[in-house]
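This report concerns only the one structure given below.
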Amino acid sequence: MNRRAFLKAIGSATLLPIFPASLPASMNFRRRRPSDAAWPSPSAWKQLDEAVSGNLMQVDFPLAALKTDPAGAAARHLADSLTNPYFIGEQPGLTQTLGWVDAWATQPSVYAVAARTAQDIAEAVNFARENDLRLVIKGGGHSYQGTSNAPDSLLIWTRHMNGIEMHPAFVPQGCEDTLEPQAAVTLGAGTIGMQAYDAITTKGGKYVQGGGCTTVGLAGLVQSGGFGSFSKHYGLAAGSLLEAEVVTADGRISVANACTNPDLFWALKGGGGGSFGVVSRMTLRLHDLPEFFGAANFTVKATSDDAYRRLIREFVSFYREHLFNDHWGEQARLKPDNTLEIKMTSYGLDTEQARKVWQPFLDWVKRSPQAYSLEGWLVISSIPARRWWDVQWWKEHWPEMAFPNQKGNPLIALFDRALTYLQKQPVFALDGRPGAGPNNAWWMGDAGQVAWFLWGYESLWLPASLLETDAQQRLADALFASSRYSGVGLHFNKGLAGAPPEAIAAAQDTAMNPAVLTAFALAIAAHGQGPAYPGIPGHEPSVAEGRQGADRIDRCMSQLRALVPNPGSYVSESNYFEKEWQQSYWGSNHPRLAQIKRKYDPDGLFFVHNGVGSGQWSVDGFTRL
Ligand SMILES: Cc1cc2nc3c(=O)[nH]c(=O)nc-3n(C[C@H](O)[C@H](O)[C@H](O)COP(=O)(O)OP(=O)(O)OC[C@H]3O[C@@H](n4cnc5c(N)ncnc54)[C@H](O)[C@@H]3O)c2cc1C
């Protein structure tokens, strides 16, 4: 007898309050797997297929070819393709990260609905709910935590929903009396960064806040908060969300915005993807472009630990004085080999202005040639902002930069006194498959993460108070100490201290951990290895090395965590094994998120690892605890 029948039989309504209202009928509720007798019959699947206009598919696991015939032509072709994020994105049975040592390894769903419409999504949601299936949602497939794959599941795959429509004057539904019309863009749920940038910036001359990585799915990005290279100016991607169309657990297609379902709208802005419903489309505010976007790339190497300590100390104070504003984003990386790598982007500065900013720091480095050397290339350069993601423009203007394999690797010298500014080799990698879209490109800086298998990944918001004069030495010492264990990147665009007030105000009205508002940077340490997957000969993840790598990352970040009273971490770029993740990801916003989860998904249809409400489920999301 199940719990409900039992209660009815004993007529004991008074017992009800001891059971939380949202519990399903059985305390041991377990989702069905294909091995269960109650798994939907072939005719039930056929009905679903008809309901979604033939968009139901069985999901293959492309990596199987590497296991069965690793030396065969198909396997060799596949191994090559695994360096291409567009290829991976087109496989419903793959994810961009292939796994994480001791955590997860990507596995295909049994079936996928390759959704074309919100109605397709609603049919899949209803089918999963009615048949007690494990449901999973995938857009760009970039989750580090493995939250867009699950074995024995039904997948809603939004890749094909990539329509883009710009509006000169958009007003969210129901907000006609309260909000002014504004320029906006509506994106299908499967839109990835480059598709949006091409339509909105290259062709449309406007700006939308997406991610730094061109192949990240924007629905996943927005729901985790979302930072791009220029977020220090424009703020969070979630801060620009005006409206979403969402399929909730009851199968209803709803609108969420500031006036309609405002609680759900708020949760979608940073509460984490895959927890509150399936977003079928989003409308984001458009912004103006500045005249220039630019980059500053160079590496300084110190000859001793002492010199490196001084370099870090100098950089911290230089950052505070000259870079701590909305012009400068992206990263400075500190490494165990005593190098400081600058890989930063600029907003709204021409080349001369940008170089002037850096000159005092470069002069400081230059004054101590026995202690410091500039390694490799030095680039401080700006280009028209509208061309930042314009692949054709890169081809025409600096083919040497974009395509070193075609033209060798010539140096373009931009001379400035004793320093030679060199254009760095390739900026974009291209999808070379026959028939591939001309804008299928990704930054070389992201290439190392395609099909990687993670060893560890941790992040931490660093409060701007650490930049105060009397705290700088402490910060510099901790950065030096952390760099003894692992490379660590300071992502300045992922902390909003120094951003314009409107970007901060928009971020305040999201579910993200408020720590993002007062942080000058998000520190990230991560390690992984190139295409690897368990059971593939010659490409097995190195478990022992992976554990050591994770340990080094933990030690590295512990040095920095010691500086921060309530450590906060970015949900999408964080540790699979994050301790106290509710506090870490959402801080004081978690209780409200938990309440909204109970309202819109009381039975936990939407489950992701360390997502809001996931604590009530087994780690695989199949059994209610
Ligand atoms: C190489 C790389 C670079 C990255 N760079 C950045 C960066 O510059 N800035 C940044 O902020 N983050 C970055 N990230 C993190 C990334 O933004 C997040 O992982 C994001 O959630 C990915 O979205 P996706 O659609 O690509 O991934 P998916 O794995 O498809 O989805 C991520 C999560 O969102 C859910 N989801 C996806 N679509 C929907 C939908 N339509 N409705 C409801 N839930 C959905 C999924 O279920 C999953 O839980 C990067 C990640 C990688 C791997």
Side-chain angles (χ1 to χ4, degrees), residues 85 88-89 92 94-98 100 106 109 115 118 121 124-125 135-150 153 155-159 161-162 187-193 209-231 236-238 244-249 256 264 267-268 270-282 329-331 345 442-443 445-452 454 457 459 489 491 493-494 512 516 522 524 526 528 570-574 601 605-612 614 621:
I88 294 177
L94 279 182
T95 48
Q96 299 284 339
T97 296
L98 294 182
W100 185 315
T106 198
S109 299
I121 294 175
V125 164
L135 187 64
V136 67
I137 311 156
K138 181 157 63 188
H142 278 60
S143 167
Y144 290 117
Q145 309 263 353
T147 54
S148 52
N149 80 95
S153 66
L155 170 68
I156 295 175
W157 189 41
T158 62
R159 184 80 179 179
M161 297 177 71
N162 53 17
L187 305 170
T191 309
I192 61 170
Q209 188 53 66
C213 170
T214 60
T215 52
V216 157
L218 295 187
L221 179 96
V222 166
Q223 289 177 80
S224 53
F227 305 98
S229 301
F230 307 105
S231 275
L236 301 178
E245 182 185 75
V246 197
V247 181
T248 41
L264 179 59
L268 293 175
S275 289
F276 297 95
V278 189
V279 171
S280 46
R281 62 177 157 82
M282 307 176 294
E330 288 292 350
Q331 308 167 42
T345 52
W442 60 101
W443 300 113
D446 290 320
Q449 296 187 37
V450 183
W452 72 343
L454 277 162
Y457 200 122
S459 72
H491 294 239
N493 52 317
K494 296 176 183 173
M512 256 192 140
V516 69
L522 181 76
I524 296 182
Y570 175 31
V571 56
S572 269
E573 298 183 318
S574 64
D601 184 19
L605 179 67
F606 300 113
F607 167 91
V608 296
H609 173 72
N610 286 358
V612 174
S614 62

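One-based numbering, in listed order, for ligands and for the atoms of each.
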Which ligand 1 atoms, with their elements, are less than 4.0 angstrom from a heavy-atom of [X]?
X: G220; answer: 20 (C), 21 (O), 23 (O), 25 (O), 34 (O)
X: G139; answer: 25 (O), 30 (O), 37 (C), 38 (N)
X: A189; answer: 41 (N)
X: G212; answer: 7 (C), 8 (O)
X: K138; answer: 30 (O)
X: L221; answer: 9 (N), 10 (C), 11 (O), 12 (N), 17 (O), 20 (C), 21 (O), 23 (O)
X: A219; answer: 41 (N)

Only heavy atoms count here, so choose which of [options] is nearest to [atom].
atom: atom 27 (O) of ligand 1; options: H142, Q223, Q209; result: H142
atom: atom 25 (O) of ligand 1; options: G226, G140, S572, G89; result: G140
atom: atom 32 (C) of ligand 1; options: S143, G277, G225, G272; result: S143
atom: atom 13 (C) of ligand 1; options: H609, E330, E573; result: E573
atom: atom 29 (O) of ligand 1; options: A237, G448, A238, S148; result: S148
atom: atom 41 (N) of ligand 1; options: V450, N493, V279; result: V279
atom: atom 50 (C) of ligand 1; options: T191, N149, V216, T97; result: V216

Contact with ligand 1 for F606, non-hydrogen, under 4.0 angstrom: no
Q96 touching ligand 1 at heavy-atom level, < 4.0 angstrom: no
Say you draw a straight line from [atom1] of [X] to [atom2] of [Y]; how long is it, rounded to the nearest 0.5 Å?
X: K138; Y: S109; atom1: NZ; atom2: OG; value: 7.0 Å
X: K494; Y: I524; atom1: NZ; atom2: CD1; value: 4.0 Å
X: Q96; Y: I88; atom1: CD; atom2: CD1; value: 5.0 Å
X: T215; Y: D446; atom1: OG1; atom2: CG; value: 6.5 Å
X: N149; Y: T106; atom1: CG; atom2: OG1; value: 3.5 Å
X: S572; Y: H142; atom1: OG; atom2: NE2; value: 11.0 Å

For the 3.5 Å polar cut-off, considering only N or O atoms, please tell me whether [X] and ligand 1 meet it.
X: L218; answer: no
X: V608; answer: no
X: V278; answer: no
X: T215; answer: no
X: Q449; answer: no

[atom] - nearest protein heavy atom and its distance:
atom: atom 52 (C) of ligand 1; answer: Y144 OH, 3.1 Å
atom: atom 44 (N) of ligand 1; answer: G274 N, 3.0 Å
atom: atom 3 (C) of ligand 1; answer: C213 CB, 3.4 Å
atom: atom 7 (C) of ligand 1; answer: F227 O, 3.5 Å
atom: atom 28 (P) of ligand 1; answer: G141 N, 3.3 Å
atom: atom 46 (C) of ligand 1; answer: I137 O, 3.1 Å
atom: atom 11 (O) of ligand 1; answer: Y570 OH, 2.7 Å
atom: atom 34 (O) of ligand 1; answer: G273 CA, 3.5 Å

Distance-only side-chain donor-acceptor flag, S229 / T345, under 3.5 Å: no
Can you tell if the side chain of [X] reaches within under 4.5 Å of the side chain of [Y], non-hydrogen atoms only?
X: F227; Y: L236; result: yes
X: Q223; Y: F276; result: no
X: N493; Y: F230; result: no
X: Y570; Y: S224; result: yes

Qualifying residues under side-chain hydrogen bond (donor to acceptor under 3.5 Å, both in side chains), relative to S574, sequence neighbours excluded: Q145, Y585
Residues that N162 engages under side-chain hydrogen bond (donor to acceptor under 3.5 Å, both in side chains), provided they are two or more places apart: none
Trace of the side chain to side chain contact (heavy atoms under 4.5 Å, CB included) decision for L135 with I156: CA-CA 8 Å; L135 187 64; I156 295 175; 3.9 Å; yes
Main-chain N/O of E573 paired with S459 side-chain donor or acceptor, under 3.5 Å: yes
V222/Q209 under side chain to side chain contact (heavy atoms under 4.5 Å, CB included): CA gap, chis, key distance, verdict: CA-CA 9 Å; V222 166; Q209 188 53 66; over 6 Å; no
M161 and I121: CA distance, side-chain angles, deciding distance, side chain to side chain contact (heavy atoms under 4.5 Å, CB included) verdict: CA-CA 11 Å; M161 297 177 71; I121 294 175; 3.9 Å; yes
Residue portion contacting ligand 1 (non-hydrogen atoms closer than 4.0 Å) for T147: both
